[in-house]
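First listed ligand is number 1; within each ligand, the first listed atom is number 1.
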Amino acid sequence: MIEVKNLTKYYNNFCAVDGINLEIKKGEILGLLGPNGAGKTTTLRMLTGFFKPTAGDIMVKGISILDNTLEVKELMGYLPESAPLYHNMLVYDYLCYVAKIRNIKGDKIDSRLKELSELCGLSNIMHQSINELSKGLKQRVGLAHAMMNDPEILILDEPTSGLDPNQIAEIREIIKRIGKEKTIIFSTHILSEAEATCDRIVIINKGKIVADDSTQKLKNRAASGSTINLSLYDVNGSDALQILKSVAPDIEVSKKESSEKGLISFEIQSSTSKDLRKDIYLKIKETDWVIAELKQESQTLESIFHELTKGN
Ligand code: ADP
């Protein structure tokens, strides 16, 4: 459905999106996850044809967005982070206005508005002024706007940003409902958001993809790994790193900041759930190091996210 090839965007000399490649299948709900400043909005704006890439291309149903921006835009609905609404209009009048801009003919407007009001839960607020609505309701009106021409692809930039937990749950439900028929790409910096709604999660950091997998596989990956926190007194950090790395072939050892003088902390990550504490203890027993802490924590999707996006 969508093929993103080497997508790159520079703002002057700053590279905000750095050679992203993606293939998005019809009917997928894809979560673009990353910390603030990772390049999510820039990527979505290029996907919707609002920004021209510095390099690369996006093919939608085989059509290049560079050559046929308007044709591709017709296939998409876009909800930016803050829905661009006319606040002094009634919801009904505003959506009628959007319908006319979208070339929906007079006799079809009411039936389309009815469908959208059911889909987005607007029935009780159709005759309220937009400026009286809560942020969650405004977001739902924005969603109806983005869906007006029944696009095959829906692109949502942080659709739940600034909403309370009930409003978040409502928007999630709507996304899931819409996702049964449409391809949806939405950005978020909230992991639980992506986990709850998406079939597939793409994590970006500093403009690059650092993970791209089905939500279930990422969860399995998290469940199969473990992290050990180790703190030692009076060791030479680089010698200790070498020795600890020799405990097992499939581990990664990194030194962490430690606030206590004379104490050096390490994080030992394993891609298996095997408990390595005994092996680590036996290795340390061969030295004169003193253990202050040796603790195993099971890995979560959150720890994978932090690991992949640290340093941002
Ligand atoms: P995200 O949506 O993940 O928070 P953005 O795509 O908004 O990230 O921004 C990515 C990076 O590009 C950030 O460092 C941001 O400061 C920078 N950036 C975004 N828009 C502009 C712009 N118009 N001019 C210059 N730098 C920008």
Side-chain angles (χ1 to χ4, degrees), residues 2-24 28-58 60 65-66 69 72-73 76-85 135-136 138-139 142-143 145-146 153-163 167-168 171-172 175 179 183-213 215 218 301-312:
I2 305 176
E3 205 182 331
V4 175
K5 295 185 206 163
N6 186 34
L7 192 67
T8 305
K9 178 76 183 173
Y10 275 85
Y11 294 114
N12 298 318
N13 291 328
F14 175 71
C15 184
V17 174
D18 191 0
I20 283 184
N21 291 293
L22 268 181
E23 264 187 52
I24 303 158
E28 254 181 341
I29 304 185
L30 184 141
L32 191 59
L33 186 67
N36 287 328
K40 302 182 293 296
T41 298
T42 307
T43 302
L44 295 188
R45 288 194 175 153
M46 289 191 281
L47 276 171
T48 49
F50 276 88
F51 278 178
K52 202 166 180 285
T54 311
D57 198 357
I58 299 158
V60 181
I65 203 166
L66 292 183
T69 312
V72 170
K73 271 187 172 182
M76 297 191 181
Y78 175 43
L79 177 66
E81 193 174 344
S82 291
L85 306 170
K135 187 151 195 271
K138 283 184 184 141
Q139 209 56 348
L143 207 50
H145 174 164
I153 302 159
L154 202 57
I155 297 189
L156 315 170
D157 194 357
E158 304 255 0
T160 58
S161 165
L163 304 188
Q167 294 168 332
I168 289 177
I171 293 284
R172 268 186 201 165
I175 292 176
T183 305
I184 300 185
I185 303 167
F186 79 87
S187 69
T188 177
H189 61 277
I190 305 163
L191 180 72
S192 55
E193 183 73 18
E195 199 182 338
T197 325
C198 304
D199 310 317
R200 177 174 161 201
I201 296 178
V202 171
I203 303 178
I204 62 169
N205 189 39
K206 297 180 185 166
K208 282 187 171 30
I209 292 181
V210 290
D212 175 1
D213 223 329
T215 310
L218 277 175
L301 205 47
E302 195 160 350
S303 58
I304 289 195
F305 177 69
H306 287 312
E307 180 59 28
L308 291 170
T309 60
K310 69 184 172 192
N312 190 294

Test item: Thr197 side-chain N/O and Ala194 main-chain N/O as donor-acceptor pair under 3.5 Å: no

Within the protein, flag every N or O under 3.5 Å from an N or O of ligand 1, and note the pair and distance.
residue  : atom   : partner : partner atom : Å
ligand 1 : 2 (O)  : Thr41   : N            : 2.8
ligand 1 : 2 (O)  : Thr41   : OG1          : 2.8
ligand 1 : 3 (O)  : Ala38   : N            : 3.1
ligand 1 : 3 (O)  : Gly39   : N            : 2.9
ligand 1 : 3 (O)  : Lys40   : N            : 2.9
ligand 1 : 3 (O)  : Lys40   : NZ           : 2.9
ligand 1 : 4 (O)  : Gly37   : N            : 2.7
ligand 1 : 6 (O)  : Thr42   : N            : 2.9
ligand 1 : 6 (O)  : Thr42   : OG1          : 2.5
ligand 1 : 8 (O)  : Gly39   : N            : 3.1
ligand 1 : 20 (N) : Tyr11   : OH           : 3.4

Contacts table for residues 183-190: side-chain donor-acceptor under 3.5 angstrom, sequence neighbours left out:
residue : atom : partner : partner atom : Å
Thr183  : OG1  : Gly27   : N            : 3.0
Ser187  : OG   : Asp157  : OD1          : 2.7
Ser187  : OG   : Glu158  : N            : 3.0
Thr188  : OG1  : Ile190  : N            : 2.9
Thr188  : OG1  : Ile190  : O            : 3.4
His189  : ND1  : Glu158  : OE1          : 3.0
His189  : ND1  : Glu158  : OE2          : 3.3

Donor-acceptor pair, side chain of Asp212 and main chain of Val202, under 3.5 angstrom: no

Check whether any side-chain heavy atom of Asn21 sits under 4.5 Å from a side-chain heavy atom of Asn6, and report yes or no. yes

If you draw a 6.0 Å radius around OH in Tyr10, do more than 12 non-hydrogen atoms from other residues or ligands fall strictly inside? no

NZ/NE/NH1/NH2 to OD/OE distance under 4.0 Å, Lys208 and Asp18: yes

